[in-house]
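Only one structure is covered here, and it is reproduced in the block below.
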Amino acid sequence: MKKGYLLVLSFFLFSILLRAQQITPIEKAEVLTKVIEENRSIKISQQEYKEAQADYRQTNAVFLPNIKASHTAMATTNPLMAFGSKLNQEILTSSDFDPASLNDPSQIENYATKFEILQPLVNMDGVFQRKAAKFKMTAMALQTERKTDYLTFEVDNAYMQLQLAYKAVDVLETALEAAMANKKLADNSFKQGYLQRADVLSVEVRVTEVQNQLQSAKSNVQNASNYISFLINDNSDVVFQPTDSLTVNITPLTDRTVSENRADIKAMQLSTDAYQNMYKADKMTFLPRLNAFGSYELYDDQIFHADASGYMFGAQLSWDVFQGSKRFGKTQKSKAAFEKSKYQYEQYVSQSNLEFNKAQRMLLDAESKLKLTTLALEQSKESLRIRTNRFGEGLEKTSDLLLADTQYAKKQLEYYQTIFEYNYAQAYLQFLTKD
């Protein structure tokens with residue numbers, strides 16, 4: 001009895017704590033909106049896309065020029081540097097050709113402003129690297145889209161779990177009321193000598209059992225609320241309450257298949273294309289490169305002056321003939337990565353079809369189970385009604401009434417669990433077959 005009182009006390013304290021928390025009504029559409037705006041996974045995917053976008057923008061260097069500007073100040077007595085500086089400054093005189101001056105010049109200052117430009121003309125490896133970067137960027141955009149699809153499905157799942165938790169609370173609160181009424185009736189019958197003490201204790205055990213189940217159900221409400229808070233990136237300790245109840249949701253999904261246009265599958269295909277272009281880029285490194293260059297230079301013996309100037313331009317054809325077999329190994333590695341990506345794509349599509357077939361069977365099983373639990377619920381409800389009436393007239397055993405009461409609560413919970421499984425299977429199939 002002492003343990004029973006402790007359990008009742010803990011249940012009472014738990015109920016007070018639950019009421020003290022803020023209960024916030026929430027709609028599924030509201031959860032979905034907040035998830036899309038605030039969820040960390042989506043934000044991470046968006047930043048990954050921006051990384052890929054930045055990598056692609058870097059490949060603009062394949063076509064755009066590289067321009068540099070510099071200003072150099074120096075002082076020297078080095079014979080060659082001193083003579084060259086005077087020559088660049090256009091201040092040479094006949095006296096500067098004196099051997100003594102050439103061999104032992106005085107210190108000379110030189111200030112040079114230089115503008116340089118390097119324009120790529122033909123760099124085939126860079127062209128294919130740019131294509132690979134673009135495929136990767138597009139794949140990341142599709143991955144972000146698929147992440148949003150997954151979180152939409154996860155919102156459906158979390159919201160249905162919250163609905164199921166509240167249904168369990170409703171069922172068990174009703175069961176507790178019935179158990180308390182039976183206990184009161186059993187106590188009166190015991191006082192009148194119609195029941196034995198063992199029967200009263202059985203009823204008390206049933207009350208305690210329902211109280212324990214109700215406490216677990218209310219914990220599930222908190223757990224479901226906490227998960228929704230996690231999805232919407234809300235750290236406050238809020239207990240959510242769905243604005244609508246858990247009901248059978250029938251969504252037509254006839255003639256649906258896993259499409260190759262699904263965002264994640266397309267992303268895998270684009271990833272394979274990116275690896276293919278990286279392989280081509282590595283093969284193109286065996287070809288020569290053609291670049292144009294030019295510079296414009298300003299010289300003076302005073303800072304930021306430009307009494308003398310000159311320019312230079314030209315083109316360079318360069319060819320790395322042999323790099324100690326480094327390029328051979330790199331090309332072999334990129335080819336292996338490309339072949340691996342093709343197998344990964346095929347495996348991913350096959351696995352998606354496997355999940356789709358499994359989800360279809362799961363939906364059929366849930367549909368069949370829903371019919372069974374509906375009939376079982378009706379039968380147990382009628383059985384409880386009959387036994388309750390007979391128990392009130394003293395025509396039914398206490399054990400039979402408790403069994404009928406337990407069975408009815410169990411069938412209710414099974415029924416709502418089956419509705420959850422049926423709706424979940426439909427949502428999962430919709431997620432798997434989304435284009």
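Note that the coordinates shown come from a computational prediction; the quantities given were computed from them, not determined experimentally.
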> Can Asp244 and Tyr159 be said to form a side chain to side chain contact (heavy atoms under 4.5 Å, CB included), step by step?
Replying inline: CA-CA 10 Å; Asp244 50 348; Tyr159 195 78; 2.6 Å; yes
> Could you walk me through whether Glu260 and Lys266 pass the salt bridge (Lys or Arg N to Asp or Glu O under 4.0 Å) check?
Replying inline: CA-CA 6 Å; Glu260 292 185 358; Lys266 286 175 65 178; over 6 Å; no
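Pairs passing the ring-ring contact (aromatic ring centres under 6.0 Å, His included) check and including a residue from residues 329-354, sequence neighbours excluded, do not occur. Residue pairs meeting the side-chain hydrogen bond (donor to acceptor under 3.5 Å, both in side chains) criterion with at least one partner in residues 327-340, sequence neighbours excluded, are Asp282-Ser334, Glu339-Lys342. Sorted pairs that involve residues 309-319 and meet salt bridge (charged side-chain N to carboxylate O under 4.0 Å, His left out), not counting sequence neighbours, are lacking altogether. Applying the salt bridge (charged side-chain N to carboxylate O under 4.0 Å, His left out) test to residues at least two apart or on different chains, the pairs with a partner in residues 152-161 are Lys28-Asp156. Residue pairs meeting the ring-ring contact (aromatic ring centres under 6.0 Å, His included) criterion with at least one member in residues 38-63: none, sequence neighbours excluded.
Put simply, OG1 on Thr373 and CD on Glu421 are 9.0 Å apart, with the number rounded to the nearest 0.5 Å.
For Glu145, the salt bridge (charged side-chain N to carboxylate O under 4.0 Å, His left out) criterion is met by no residue, not counting sequence neighbours. With sequence neighbours left out, Phe328 forms a ring pair (Phe, Tyr, Trp, His ring centres under 6.0 Å) with Phe286. Residues that satisfy the salt bridge (charged side-chain N to carboxylate O under 4.0 Å, His left out) test with Lys381, not counting sequence neighbours, are absent from this structure. Checked against ring pair (Phe, Tyr, Trp, His ring centres under 6.0 Å), Phe153 has the following partners two or more places apart in sequence or in another chain: Tyr424, Tyr428, Phe431. The salt bridge (charged side-chain N to carboxylate O under 4.0 Å, His left out) search around Asp264 returns Arg146, Arg262, not counting sequence neighbours. Checked against side chain to side chain contact (heavy atoms under 4.5 Å, CB included), Asn235 has the following partners two or more places apart in sequence or in another chain: Arg40. Partners of Glu30 according to the salt bridge (charged side-chain N to carboxylate O under 4.0 Å, His left out) rule, which considers only residues two or more places apart in sequence or in another chain, are Lys34.
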